A.B. asks: 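The structure under discussion is supplied below as structure tokens; questions concerning it will follow.
Here the structure is a predicted model, which means the values were calculated and not measured.
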Amino acid sequence: LARYEDKLLVAAGKTLRLYNCVNHDLLQTYEEATDTLLSITADPSRKRIAAGDLAGNVYIWEADQTQPQRVILVQPRE
């Protein structure tokens with residue numbers, strides 16, 4: 001779970017959803033994750049949302065877009 005302005009971000013499996021906190025309406029669904037989402041963060045000032053999955057991918061969405069703007073593969077150093 002994460003907050004985005006007056007809204008709530010909820011990750012379930014490979015899907016991230018944005019809900020209205022007042023009436024609980026689903027506002028947006030963010031997809032394209034290849035594995036289970038583990039972490040979520042939001043930057044309302046830049047209108048961006050990011051989430052990381054089990055495969056090591058970090059997805060960055062523009063808040064008003066359903067497809068990620070960018071996907072970054074994070075690999076550990078050896």
A.B. asks: Have Tyr59 and Thr34 got a donor and an acceptor in their side chains that come within less than 3.5 Å?
C.D. replies: yes
A.B. asks: Connecting only ILVMFWY residues whose side-chain heavy atoms lie within less than 4.5 Å of each other, what is the rest of Leu8's hydrophobic cluster?
C.D. replies: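 Same cluster as Leu8: Leu1, Val10, Tyr19, Leu26.
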A.B. asks: Are any non-hydrogen side-chain atoms of Gln28 and Tyr4 less than 4.5 angstrom apart?
C.D. replies: no
A.B. asks: Would Ile72 and Asn57 count as a side chain to side chain contact (heavy atoms under 4.5 Å, CB included) if you check the C-alpha gap in whole Å, the side-chain angles of each, and the deciding distance to 0.1 Å?
C.D. replies: CA-CA 5 Å; Ile72 304 165; Asn57 296 304; over 6 Å; no
A.B. asks: To the nearest 0.5 Å, how far apart are CG in Asp35 and CG in Leu54?
C.D. replies: 4.5 Å
A.B. asks: Are the side chains of Ile49 and Ile60 in touch, meaning some heavy atoms are under 4.5 Å apart?
C.D. replies: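 No, their side chains stay 4.5 Å or more apart.
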A.B. asks: Hey, are the side chains of Pro44 and Arg3 touching, using non-hydrogen atoms and a 4.5 Å cut-off?
C.D. replies: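 Pro44 vs Arg3: side chains apart.
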A.B. asks: Is Glu62 paired with Arg48 through a side-chain N to carboxylate O contact shorter than 4.0 Å?
C.D. replies: yes
A.B. asks: Closest approach of Ala2 and Ile40, non-hydrogen atoms and distance?
C.D. replies: CB-CG2, 3.9 Å
A.B. asks: Any non-hydrogen side-chain atom of Thr15 less than 4.5 Å from a side-chain atom of Thr29?
C.D. replies: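 Counting from C-beta outward, Thr15 and Thr29 do come under 4.5 Å.
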A.B. asks: Just verifying a value: how many Å separate Leu9 CG and Leu37 CG, rounded to the nearest 0.5 Å?
C.D. replies: 11.0 Å
A.B. asks: With respect to Lys7, which candidate in Asp25, Asn20, Leu27 satisfies the side chain to side chain contact (heavy atoms under 4.5 Å, CB included) definition?
C.D. replies: Leu27
A.B. asks: If every non-hydrogen atom of Ala33 is compared with every non-hydrogen atom of Lys14, which pair is closest and at what distance?
C.D. replies: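 Nearest heavy atoms, Ala33 then Lys14: CB-O, 3.3 Å.
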A.B. asks: Got a donor-acceptor contact below 3.5 angstrom from the Trp61 side chain to the Thr66 backbone?
C.D. replies: yes
A.B. asks: To the nearest 0.5 Å, tell me how far Lys47 NZ sits from Asp64 CG.
C.D. replies: 8.5 Å
A.B. asks: What's the shortest heavy-atom distance between Leu73 and Ala55, and which atoms?
C.D. replies: CD1-O, 3.8 Å
